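Please read the structure below before turning to the comments.
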Amino acid sequence: MRRTEIKTILQKEEIGAEVVVKGWVRNYRGNNFVMFVALNDGSSLQNLQIVIDIEKFDAQLLKKITVGSSLSIQGTIAKSEGKGQSIEVLASSVEVLGTANADEYPLQPKKHSLEFLREIGHLRFRSNTFGAITRIRHQMIYAIHTFFHERGFYNIHTPIITGSDCEGAGEMFQVTTLDLKKLPFTKDGNIDFSEDFFGKQTNLTVSGQLEVEMACMAMSKVYTFGPTFRAENSNTSRHLAEFWMIEPEVAFADIYDDMDLAEEFLKYLISYALTNCKEDLEFLQERLLQEEKSKPEQERSMPLIEKLQFVLANDFQRLTYTEAIEILKESKPNKKGQFKYEVKGFGTDLQSEHERYLVEKHFKKPVILTGYPKEIKAFYMKQNPDGKTVAAMDVLFPQIGEIIGGSEREADYDKLYNRMVEMNIPTEELYWYLDSRRYGTVPHAGFGLGFERLMLFVTGMGNIRDVIPFPRYPKSADF
RNA sequence: UCCUCAAUAGCUCAGUUGGUUAGAGCAUCUGACUGUUAAUCAGAGGGUCACUGGUUCAAGUCCAGUUUGAGGAGCCA
């Protein structure tokens, strides 16, 4: 007989039907006559209650049923006599697929701290919280591809190993097959990378943008969704050394089209989560409410689902960097000296306290900031006619800050070339990037969305290390 | 990388001005109980007090360094 998923059994409620279910024991209890097992197979947050008549089974077999063990159960679906669930399965055959020594198994049927679960990252999928996050993560991946597919975008696999060390987005991890104990050197004392696997120095990518722009110059609407790597020594709850990024690129589009796409995209994903991950979101919301009970009332935030609906219901506030500086300059905390960094005028780099003030206090909704000073932004961004600013846009979200960073790209060959020289970007190495402006250049724009940042917002989790299965960060590459 | 705080049983935590044999709840084990819901009740076992060094008659407690974790900042997505 084929296995039926627990989710299906709970949905259909076919009383009297004969089924085979397989899964892991979350908890069990009982007495001398009857045993109740809460079984979970990952298909749903809900467990299925298995009822075992103790007299019908071998005592040695039943002893092997412990928290964490895996079972195959054949039985009939019945209306539950108990209060906690509407249906249950009365077992006619019980097979223990794998035991789990109760003395050693670290997951108990009780609340564990997220820090502890992170230490047992290989087992934390078996917790309710991480199960919910895992299901939501999958739904979001699916929704991202669906969104772009429905709008005529093509998915481009940009390289993970890159030959350029100047993608302009941070410190890179080196990739080499050279024997680190016997490095080959050139005559002038440098490491001889011509002996390396690729015959040159290579790194893990920090962004697929430059390559996806090349595809954009033929396919018009493209996106890449892949792993990116930053060797920055960032120890925060919002950064990972290995994370997944979504980078769409659209030809014949300007910065306003880019903002429209970003807002539509984020709202689509949040709306998708609300309709397709209801049960898991409700669970995470309840978890957060329990956690917040210990906090004073003013510090408590909106319940998770309400917060997601709120973002859907309101237009993102769009304003320029210059306007933001004016608002911040005139703000109470700035005048009273409550900001750690005072806002003085144009050119001030916005700190997270300033972004938070704009999003959480002043506008109380997501904000899209545009027109940043060119000095604080990347070389490829389109220079505005004012000579001071570039057509960049950052989407700022409550609690997480910058969730999206994007721009209209500089399409003019001379302007791009000169800016690269100004910023010491090696033009020979990036000849291929310049070629896109030399042959049939068109206006185009795109952005990058950190997938785990989106996950933080949708799940309401506080630490980015808890929304990716196996987080990589400084001093940590376990599992 | 910087600032602040923390590390005691498998987990979550108490541990007084430095002073006898380091405590609780949960988990585990044993037993009781005819339908449980994080079951309940009774009993038992379980500790290199993160690590290294120092002060002291005496250190879980004080000091220094190291490691790890949390919160915040920077870098960014």
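Below, chain A is the first sequence line, B the second, and so on; all start at residue 1. Just so we're clear, the structure is a prediction, and the values are computed from it rather than from any experiment.
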Worksheet item: With side chains defined as the heavy atoms from C-beta onward, is the minimum distance between E211(A) and Y433(A) less than 4.5 Å?
Response: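 Answer no - side chains too far apart.
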Item to complete: Grab the CG-C1' distance between N233(A) and rA73(B) for me, whole Å please.
Response: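 It works out to 13 Å between those atoms.
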Nearest to side-chain heavy atoms of [X], which nucleotide of [options]:
X: N31(A); options: rC33(B), rA70(B), rU36(B); value: rC33(B)
X: R230(A); options: rA73(B), rU30(B), rC76(B); value: rC76(B)
X: M245(A); options: rG69(B), rC26(B), rA77(B); value: rA77(B)

Discussion item. By a 5.5 angstrom centroid cut-off and a 30 degree plane limit, is there stacking between F36(A) and rG35(B)?
Written reply: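 Here F36(A) fails the 5.5 Å or the 30° condition.
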Item to complete: Please work out which residues in residues 87-94 of chain A have a non-hydrogen atom less than 4.0 Å from an atom of RNA chain B and list them by number.
Response: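 Within residues 87-94 of chain A, the residues near RNA chain B are E88(A).
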Item to complete: Anything under 30° is parallel, anything over 60° is perpendicular, the rest tilted; go ahead and classify Y142(A) against H138(A).
Response: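 Y142(A) and H138(A): parallel rings.
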Discussion item. What's K83(A) touching, base or sugar-phosphate or nothing? Going by heavy atoms closer than 4.0 Å.
Written reply: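 K83(A): base contact, heavy atoms under 4.0 Å.
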Item to complete: Using a 4.0 Å heavy-atom cut-off across all strands, classify K377(A) as base, sugar-phosphate, or nothing.
Response: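 Nothing, no heavy atom under 4.0 Å.
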Item to complete: Report yes or no: is there a donor-acceptor pair, N or O only, under 3.5 Å between the side chain of Q49(A) and the base of rU36(B)?
Response: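 Yes, the side chain and the base share a sub-3.5 Å donor-acceptor pair.
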Practice prompt. Compute both the distance and the angle, then confirm whether K388(A) meets the cation-pi test with F346(A): under 6.0 Å from the six-membered ring centre, within 45 degrees of the axis.
Written response: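 Yes.
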Worksheet item: Between R151(A) and Y268(A), is NZ or CZ placed under 6.0 angstrom from the six-membered ring centre and within 45° of the ring axis?
Response: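 Yes, R151(A) lies over the aromatic ring of Y268(A).
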Discussion item. Under 3.5 Å for both pairing distances: what stems, at least three Watson-Crick or G-U pairs long, include RNA chain B?
Written reply: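 Paired runs of 3+ in RNA chain B: B:1-7 with B:67-73, B:10-13 with B:23-26, B:28-32 with B:40-44, B:50-54 with B:62-66.
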Item to complete: Could you tell me whether the side chains of D349(A) and Y341(A) share a donor-acceptor contact shorter than 3.5 Å?
Response: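 Short answer, no.
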